[in-house]
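We use all heavy atoms of the structure for the numbers below, so side chains are in, but hydrogens, waters and symmetry mates are not. Chain naming here is simple, since letters A, B, ... match the order of the sequence lines and numbering starts at 1 in each.
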Amino acid sequence: MEIKTRKLKQNLLSWYRKNKRTFSWRNTNNPWKIFLVEIISQQTQINRADDYYKKFIKEFPTPESMARSSLKKVLELWSGLGYNNRAKRLYESSKILSESSFDSINPNFEILPGVGPYTKNAILSFAYGDSVLAIDTNLERIITRYFGVDDAKDYLKRYSQSLLKKVNSKDLNQAFMDFGSMVCTSLNPSCDICPLETECSKYFSKIKKSYQKFEGSNREIRGKVLKLLLNEDQISKEELTNKLGEEEGKLNKALHGLQKDNLLIIKKNNIIEINSK
DNA sequence: GTCCGGTGGT
DNA sequence: ACCACCGGAC
């Protein structure tokens, strides 16, 4: 098992040296920049994240600059990325960070809203050089296939130290991401050109994820509502109903969900506007 | 386990 | 039409 792990690291890092992708954020250790790109890239195709990252870092070079801005401004820049909760949590985090720096909360980055196990370790590895694994969907998939285990998280809990031994964690984490994106892809992996192929267990888990239709979903209405609100400072519920053509029940569900997420406010007179806090 | 958006690949 | 995308909150 130790040999298999060593070969994984050798072959993966060798592949990475020749094939790694170049992104604008990979040259920085600045925790704010790392944090920004990690929040932006959650569940988002990485090539699109790059454009947004450049916009955000230009507009908000520091946490303070974002904290002094408004949620609406952040949502405007965010428009098109989806999962608007991320923008709200990012804005909340900037306020916390303008009071307490990254260095002062290190390593407890999970106190920031929107930061879970993955993002915490991404900041630790990419900004602080700590020897930790940023466990994302790529790493889990590669571990599952290569070692032939159903529960990659559990496997990594036990063996992360042997994976990290004698390697730069930043290189290793990015190597897994690039490799998972370019070779060991979720659909149609390129096993024929894979440098890990001889050692790989080639275990393809049959566990299916469940998907809900997007068309007609609450998510779709939420997105439309928020987009409209970015153009009109405030809007009445009647106007919203007319413009979106959704049934009242479905619209109300979306509105109350957005209000619960503190993205908008429904006033007494049924006037709706983006939350200003 | 479900919800949270928008886009591109197949 | 289906699936995945450098996850997290509930």
*Asks:* Arg26(A) near the nucleic acid: base, sugar-phosphate alone, or nothing, with a heavy-atom cut-off under 4.0 Å?
*Replies:*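 Answer is base: heavy atoms of Arg26(A) come under 4.0 Å of a base.
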*Asks:* Would you check if the distance from the ring center of Tyr128(A) to the ring center of Phe109(A) is below 6.0 Å?
*Replies:*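 Distance test on ring centres: under 6.0 Å, yes.
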*Asks:* Please determine if a side-chain N or O atom of Ser210(A) lies less than 4.0 Å away from the OP1 or OP2 oxygen of dG1(B).
*Replies:*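 No, no such contact exists.
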*Asks:* Using only side-chain N and O atoms of Arg222(A), determine if any of them is under 4.0 Å from OP1 or OP2 of dG5(B).
*Replies:*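 Answer is yes, contact under 4.0 Å.
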*Asks:* With heavy atoms under 4.0 Å as the rule, sort Asn173(A) into base, sugar-phosphate or nothing.
*Replies:*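 Nothing, no nucleic acid heavy atom in range.
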*Asks:* With rounding to the nearest 0.5 angstrom, report the CD1 to CG distance, Ile272(A) to Leu255(A).
*Replies:*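 Here the interatomic distance stands at 4.5 Å.
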*Asks:* Nearest nucleotide by nearest heavy atom, which residue falls closer to the 5' end of DNA chain B, Leu187(A) or Arg48(A)?
*Replies:*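 Closest to the 5' end, via its nearest nucleotide, is Arg48(A).
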*Asks:* Quick one: on DNA chain C, does Phe23(A) or Gly114(A) contact a more 5' nucleotide (nearest heavy atom)?
*Replies:*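 Nearer the 5' end of the strand: Phe23(A).
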*Asks:* Find the distance Gln45(A):CD to dC5(C):P and express it as a whole number of Å.
*Replies:*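 Those two atoms, CD and P, are 9 Å apart.
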*Asks:* Mind calculating the distance between CZ (Arg141(A)) and P (dC6(C)) to the nearest angstrom?
*Replies:*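 So the two atoms are 9 Å apart, to the nearest Å.
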*Asks:* Categorize Trp78(A) for me: base, sugar-phosphate, or nothing, with a 4.0 angstrom heavy-atom threshold over every strand shown.
*Replies:*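 Contact class for Trp78(A): none.
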*Asks:* Select one nucleotide: of dG5(B), dG7(C), dT10(B), the one nearest the side-chain heavy atoms of Thr137(A).
*Replies:*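 Among dG5(B), dG7(C), dT10(B), the one nearest the side chain of Thr137(A) is dG7(C).
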*Asks:* Take the protein atom NZ of Lys20(A) and the nucleotide atom P of dC6(C), then report the distance between them rounded to whole Å.
*Replies:*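 My rounded result for the distance is 18 Å.
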*Asks:* What nucleic acid atoms does Thr119(A) come within less than 4.0 Å of, heavy atoms only: base, sugar-phosphate, or nothing?
*Replies:*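 Contact class for Thr119(A): sugar-phosphate only.
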*Asks:* Taking atom P in both dC6(C) and dC4(B), compute the distance separating them and give it to the nearest angstrom.
*Replies:*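 That atom pair is separated by 22 Å.
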*Asks:* Between atom CG in Asn84(A) and atom C1' in dA9(C), what is the gap in whole Å?
*Replies:*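 That distance rounds to 15 Å.
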*Asks:* Identify, with sequence neighbours excluded, every residue that meets ring-ring contact (aromatic ring centres under 6.0 Å, His included) alongside Tyr53(A).
*Replies:*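 Here the qualifying residues are Trp25(A).
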*Asks:* Within the structure shown, what part of the strands sits under 4.0 Å from Ser217(A) by heavy-atom distance: base, sugar-phosphate, or nothing?
*Replies:*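 If one applies the 4.0 Å heavy-atom cut-off, Ser217(A) turns out to touch nothing in the nucleic acid.
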*Asks:* Taking DNA chain C as the partner, which of residues 30-44 of chain A come within under 4.0 angstrom of it by heavy atom?
*Replies:*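 Hits under 4.0 Å, by residue number: Glu38(A), Ser41(A), Gln42(A), Gln43(A), Thr44(A).
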*Asks:* Would you indicate what Phe179(A) reaches in the nucleic acid, counting non-hydrogen atoms under 4.0 angstrom: base, sugar-phosphate, or nothing?
*Replies:*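 The answer is nothing, as Phe179(A) stays clear of every strand by at least 4.0 Å.
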*Asks:* Across all strands, who's sitting opposite dG6(B) as a Watson-Crick or G-U wobble pair, both distances under 3.5 Å?
*Replies:*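 Pair assignment: dG6(B) / dC5(C).
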*Asks:* Find the distance Asp261(A):CG to dC4(B):P and express it as a whole number of Å.
*Replies:*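 So the CG-P distance, Asp261(A) to dC4(B), works out to 8 Å.
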*Asks:* Can you confirm whether or not the ring centre of Tyr16(A) sits under 6.0 Å from the ring centre of Phe179(A)?
*Replies:*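 When the ring centroids of Tyr16(A) and Phe179(A) are compared, they turn out to be at least 6.0 Å apart.
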*Asks:* What's the verdict on side-chain contact (heavy atoms from CB on, under 4.5 Å) for Lys20(A) and Gln174(A), showing C-alpha distance, side-chain angles and the deciding distance?
*Replies:* CA-CA 8 Å; Lys20(A) 63 179 164 187; Gln174(A) 291 180 343; over 6 Å; no
*Asks:* Ion pair present between Arg26(A) and Asp178(A), side-chain N to carboxylate O less than 4.0 angstrom?
*Replies:*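 Salt bridge between Arg26(A) and Asp178(A), a charged N being under 4.0 Å from a carboxylate O: yes.
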*Asks:* Mind checking Asn47(A) for me? I need base, sugar-phosphate or nothing, with any heavy atom below 4.0 Å counting as a touch.
*Replies:*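 No contact.
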*Asks:* Do Tyr52(A) and Phe56(A) have ring centroids that are under 6.0 Å from one another?
*Replies:*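 Distance test on ring centres: not under 6.0 Å, no.
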*Asks:* Does a side-chain N or O from Tyr211(A) land closer than 4.0 Å to OP1 or OP2 of dA4(C), or not?
*Replies:*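 Yes, because at least one side-chain N or O of Tyr211(A) sits under 4.0 Å from OP1 or OP2 of dA4(C).
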*Asks:* Output the rounded distance in Å from CD1 (Ile221(A)) to P (dG5(B)).
*Replies:*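 Ile221(A) atom CD1 is separated from dG5(B) atom P by 12 Å.
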